[in-house]
Asks: 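Shown below is the structure under consideration.
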Amino acid sequence: MPTIYPFHYFIDAGGLMSYGPTLEVRSADYVDLILRGTKPGDLPVQSPRKYELLINRTVARSFGLTIPFTLLARADEIRE
C-alpha cells in the first residue's frame, strides 16, 4: 500500500514518499548553553528549520503510479 511517511529513512526501507522535518542534530547548541551556565529548564524549544519531500520513484513504478510533474518539481530529492 503506498504510504507517505514522516521521516526519510522509511524511503530507504521501501516507502513511497516522506514529508517531514530534516533530522538535524543541534544538541551541541544545547550542551554549549548548559556549559555556559544556562539551566536546562530555561532552554527554548526549537522547531524544525526545514521540511523535506522525498519521493521513491522505483516504488511508484512498482505500484503503477504516475507521480505528477508538479509534485516531482517540489520534491527535495527523488530516489531511483
Side-chain angles (χ1 to χ4, degrees):
M1 174 181 287
T3 307
I4 298 175
Y5 296 95
F7 301 109
H8 68 86
Y9 50 81
F10 286 102
I11 298 297
D12 298 328
L16 175 62
M17 292 183 201
S18 74
Y19 181 72
T22 57
L23 301 177
E24 298 173 346
V25 179
R26 294 184 291 189
S27 57
D29 296 336
Y30 281 109
V31 171
D32 180 55
L33 289 171
I34 291 169
L35 291 175
R36 293 176 188 263
T38 305
K39 294 180 184 176
D42 295 336
L43 293 174
V45 175
Q46 295 184 3
S47 298
R49 293 181 186 172
K50 182 182 177 192
Y51 287 83
E52 291 181 319
L53 173 63
L54 282 73
I55 299 173
N56 190 331
R57 218 178 208 172
T58 304
V59 173
R61 283 190 199 114
S62 71
F63 282 115
L65 299 172
T66 302
I67 306 293
F69 177 74
T70 53
L71 188 59
L72 292 172
R74 289 180 167 223
D76 293 295
E77 186 176 337
I78 300 169
R79 297 190 182 172
E80 297 289 334

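This one's a predicted model, so the numbers in the text were calculated from it and none came from an experiment.
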Asks: What are the two closest heavy atoms between P21 and P6, and how far apart are they?
Replies: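 Closest approach of P21 to P6: CD-O, 4.1 Å.
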
Asks: Assess whether atom CZ of R79 is packed by more than 12 heavy atoms of other residues, nucleotides or ligands within 6.0 Å.
Replies: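 Yes - once you tally the heavy atoms of other residues, nucleotides and ligands closer than 6.0 Å, there are more than 12.
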
Asks: Supply the members, apart from I11, of the Ile/Leu/Val/Met/Phe/Trp/Tyr cluster built from side-chain contacts under 4.5 Å; use none for a lone residue.
Replies: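 ILVMFWY cluster around I11 also holds L54.
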
Asks: Where do L65 and L16 land on the side-chain contact (heavy atoms from CB on, under 4.5 Å) test, with the steps shown first?
Replies: CA-CA 10 Å; L65 299 172; L16 175 62; 3.9 Å; yes

Asks: How far apart are the C-alpha atoms of L53 and L71, what are their side-chain angles, what is the distance that settles it, and do they pass the side-chain contact (heavy atoms from CB on, under 4.5 Å) test?
Replies: CA-CA 9 Å; L53 173 63; L71 188 59; 3.7 Å; yes

Asks: Nearest 0.5 angstrom please: K39 NZ to L33 CG, how far?
Replies: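 Between K39 NZ and L33 CG, I get 14.5 Å after rounding to 0.5 Å.
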
Asks: Is F63 reachable from I67 through a run of hydrophobic residues whose side-chain heavy atoms are each under 4.5 Å from the next?
Replies: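 Shared cluster, yes.
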
Asks: Using the rule that two of Ile, Leu, Val, Met, Phe, Trp, Tyr join whenever any of their side-chain heavy atoms come within less than 4.5 Å, decide whether Y5 and L72 are in one cluster.
Replies: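 No: no chain of side-chain contacts under 4.5 Å links Y5 to L72.
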
Asks: Mind listing the closest non-hydrogen atom pair of V59 and G14 along with its distance?
Replies: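 In this case the closest contact between V59 and G14 is CG2-O, 3.5 Å.
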
Asks: Going only through I, L, V, M, F, W and Y residues with side-chain contacts under 4.5 Å, is there a path from F69 to Y19?
Replies: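 In one cluster with F69: Y19, no.
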
Asks: Could you tell me which non-hydrogen atom of M17 sits nearest to which non-hydrogen atom of I55, and how far apart they are?
Replies: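 Heavy-atom minimum between the residues: CG-CG1, 4.0 Å.
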
Asks: How many angstroms lie between atom OG of S62 and atom CG of N56, to the nearest 0.5 angstrom?
Replies: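 Rounded to the nearest 0.5 Å, the OG-CG separation comes to 8.0 Å.
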
Asks: Got a sec, which residues hit ring-ring contact (aromatic ring centres under 6.0 Å, His included) with F7, two or more places apart in sequence or on another chain?
Replies: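 With neighbours one apart ignored, the set is Y9.
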
Asks: Is any side-chain heavy atom of I34 closer than 4.5 Å to one of L43?
Replies: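 Yes; the side chains approach each other to less than 4.5 Å.
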
